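To start, the structure under review is shown below, and the notes come after it.
Each chain gets a letter, A, B and so on, in the order its sequence line appears, and its residues count up from 1. Only this structure's heavy atoms are used, side chains among them; waters, hydrogens and symmetry mates stay out. Small disclaimer: the values here were computed from a predicted structure and weren't measured.
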Protein chains: 2
Amino acid sequence: MTVHAQTKEKPKLTKRKMASQQQIIHAAAVCFMLYGLEKATVNDMARELGSTKGRVYHHFASKNEIFFAVYRQAMQFCFDAVEPVLCLPLPADQKLFKMAKAHAIVMMETLPYQRSIRQGVNMYLHGSDSTAERAVLSELIARRNAYEDLYRSVLQQGQVDGSLSVPDVAIAGRAIMGALNSLVDWYRVRPEQGTADQEKIADTLARTVIRGLLA
Amino acid sequence: MTVHAQTKEKPKLTKRKMASQQQIIHAAAVCFMLYGLEKATVNDMARELGSTKGRVYHHFASKNEIFFAVYRQAMQFCFDAVEPVLCLPLPADQKLFKMAKAHAIVMMETLPYQRSIRQGVNMYLHGSDSTAERAVLSELIARRNAYEDLYRSVLQQGQVDGSLSVPDVAIAGRAIMGALNSLVDWYRVRPEQGTADQEKIADTLARTVIRGLLA
DNA sequence: GTATAAACATACTGACAAGAATGTTTTTGC
DNA sequence: GCAAAAACATTCTTGTCAGTATGTTTATAC
């Protein structure tokens with residue numbers, strides 16, 4: 001029974017906790033997107049939740065920690081969308097296309113998160129005084145680099161298997177990420193448009209971006 | 001003599017005024033880049049100038065107006081760099097390449113300005129209460145659209161003269177601007193590197209971006 | 001050279017937001 | 001069903017910064 005309690009009751013508590021945190025993170029992402037990282041107040045997030053500041057500060061030590069959580073989540077969305085493609089047994093050009101398309105779609109689907117993290121990394125670099133925060137920040141930046149490395153490695157692979165022609169892997173990688181990530185700036189959510197429209201945008205964009213690298 | 005005073009003395013005053021304003025705008029751009037739009041305080045700008053807040057508020061009514069001035073200046077840099085290329089009698093593909101390269105170079109050369117305006121348009125959209133500010137903001141956004149239209153028009157032209165193959169002009173335009181503008185995120189100024197390195201980066205990036213659109 | 005205005009510097013205020021402190025309710029372990 | 005702790009809500013403190021008001025210097029006009 002005690003074992004049962006540990007494997008069912010305990011998770012029930014943490015699940016509740018995690019669900020509440022996820023709600024807060026989502027509300028924060030929306031507020032960051034709407035008002036900007038600085039102008040968005042913790043009260044705004046609470047209001048978005050239909051709740052109060054007390055709840056937020058019960059789960060997170062500071063506003064920065066909330067931003068970090070949003071950042072982590074945003075990156076996780078990206079990894080979850082792209083990593084499956086990496087395992088497919090395909091030539092590099094096709095793999096790259098699928099990755100780009102998957103990335104574009106996840107940009108649109110998790111727009112509040114991606115908008116939030118787009119601005120403000122430099123901001124927080126100079127703003128955070130605590131060394132602990134700096135550490136977290138470098139971890140997040142490292143994670144972003146790891147993600148971009150996925151693309152660079154496929155570019156490299158394409159050079160090897162001959163399906164791609166890349167004069168400069170670093171710059172090509174930047175160009176790809178820049179073009180795809182620009183989606184968060186210009187993509188506007190329209191209520192009537194479904195996944196089909198997103199699919200088409202992602203497809204066209206990915207095709208346009210990749211075509212310049214084909215051998 | 002009075003005529004002489006109007007044509008020499010008066011301009012001397014306005015020239016001094018404009019020069020002071022330009023200094024303030026530049027200091028603001030640097031601070032916006034370093035600390036972010038919100039965290040950068042008017043005192044920071046004054047300190048950057050080796051001056052005080054009084055000087056800043058003598059020339060600008062509000063912090064927002066300073067940002068608007070930085071925005072205008074940033075866009076002007078872009079227009080000044082790219083418009084000469086537009087007048088050249090070249091096929092669209094070559095013209096587009098020269099434009100992209102010029103844009104890339106101006107991004108690196110006027111980095112503080114471009115960094116400043118990259119974040120914060122959405123921020124100010126919800127933040128500004130005054131209708132006058134909203135008007136200025138739409139004007140600036142319109143100016144940015146006009147600039148991007150330069151690229152879209154050349155893309156269109158390329159479709160006509162057959163030098164380019166563009167499935168979707170709007171998306172291709174976004175992709176180009178996204179890839180080029182990403183420079184402000186990842187380009188780091190190194191003291192030893194001269195214009196030659198910038199040239200090379202710009203050339204490689206522009207080539208990579210454009211190649212996907214060649215016919 | 002002196003009145004006048006522009007170009008600053010200095011000192012102050014009011015508003016707002018982060019975070020702490022404290023109170024209240026709900027859930028959980030037993 | 002009852003302590004105990006987690007999950008909140010409410011209130012208060014504190015620092016900061018945009019903007020203002022006022023003082024001081026410097027340039028201009030005549």
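Rounding to whole angstrom units, CG of residue Asn43(B) and P of dG19(D) are separated by 12 Å. Look at CG on Leu49(B): it is 10 Å from P on dC8(C), rounded to the nearest Å. When the C1' atom of dA18(C) is taken as reference, atom CG of Asp44(A) falls 13 Å away, rounded to whole Å. What separates CZ of Phe60(B) from P of dG19(D) is a distance of 13 Å, to the nearest Å. With rounding to whole Å, Glu38(A) atom CD is found 9 Å from dA18(C) atom P. Rounded to whole Å, the distance from CD on Gln21(B) to P on dA7(C) is 9 Å. Following rounding to the nearest Å, Tyr57(A) (OH) and dG23(C) (C1') show an atom-to-atom distance of 19 Å. Summarising the geometry, the separation between OH on Tyr35(A) and C1' on dC16(C) is reported as 16 Å, rounded to the nearest angstrom.
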Starting at the 5' end of nucleotides 9-14 of chain D, put B wherever the base has a protein heavy atom under 4.0 Å, S where only the sugar-phosphate does, and a dash everywhere else.
BB----

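Phosphate contact (OP1/OP2 of dC8(C), side-chain N/O of His59(B), threshold under 4.0 Å): present. At least one side-chain nitrogen or oxygen of Lys17(B) sits closer than 4.0 Å to the OP1 or OP2 atom of dA7(C). Using a 4.0 Å cut-off, some side-chain N or O of Ser20(B) falls inside it from OP1 or OP2 of dC8(C). Lys63(B) has no side-chain polar atom (N or O) that falls below the 4.0 Å cut-off from OP1 or OP2 of dC17(D). Look at His58(A) and you'll find a side-chain N or O under 4.0 angstrom from OP1 or OP2 of dA7(D).
Asp80(B) is linked by a side-chain hydrogen bond (donor to acceptor under 3.5 Å, both in side chains) to Gln76(B), counting only residues two or more places apart in sequence or in another chain. Residues meeting the side-chain contact (heavy atoms from CB on, under 4.5 Å) test with Asn43(A), sequence neighbours left out: Thr41(A), Lys53(A). Here His26(A) pairs with Tyr113(A) under the ring-ring contact (aromatic ring centres under 6.0 Å, His included) rule; sequence neighbours left out. In this view, Phe79(A) and Tyr147(A) satisfy the ring-ring contact (aromatic ring centres under 6.0 Å, His included) rule, not counting sequence neighbours. Residues forming a ring-ring contact (aromatic ring centres under 6.0 Å, His included) with Tyr71(A) (at least two apart in sequence, or on another chain): none.
Of the possible polar contacts, none joining the Lys98(A) side chain to the Leu86(A) backbone as a donor-acceptor pair under 3.5 Å is found.
Nearest-nucleotide mapping onto DNA chain C: of Ala61(A) and Thr41(A), the residue sitting toward the 5' end is Thr41(A).
The heavy-atom pair separating Arg55(B) from Ile24(B) by the smallest distance is O-CD1, 4.0 Å.
Backbone-only contact: Ala40(A) has heavy atoms under 4.0 Å from sugar-phosphate atoms and none from a base.
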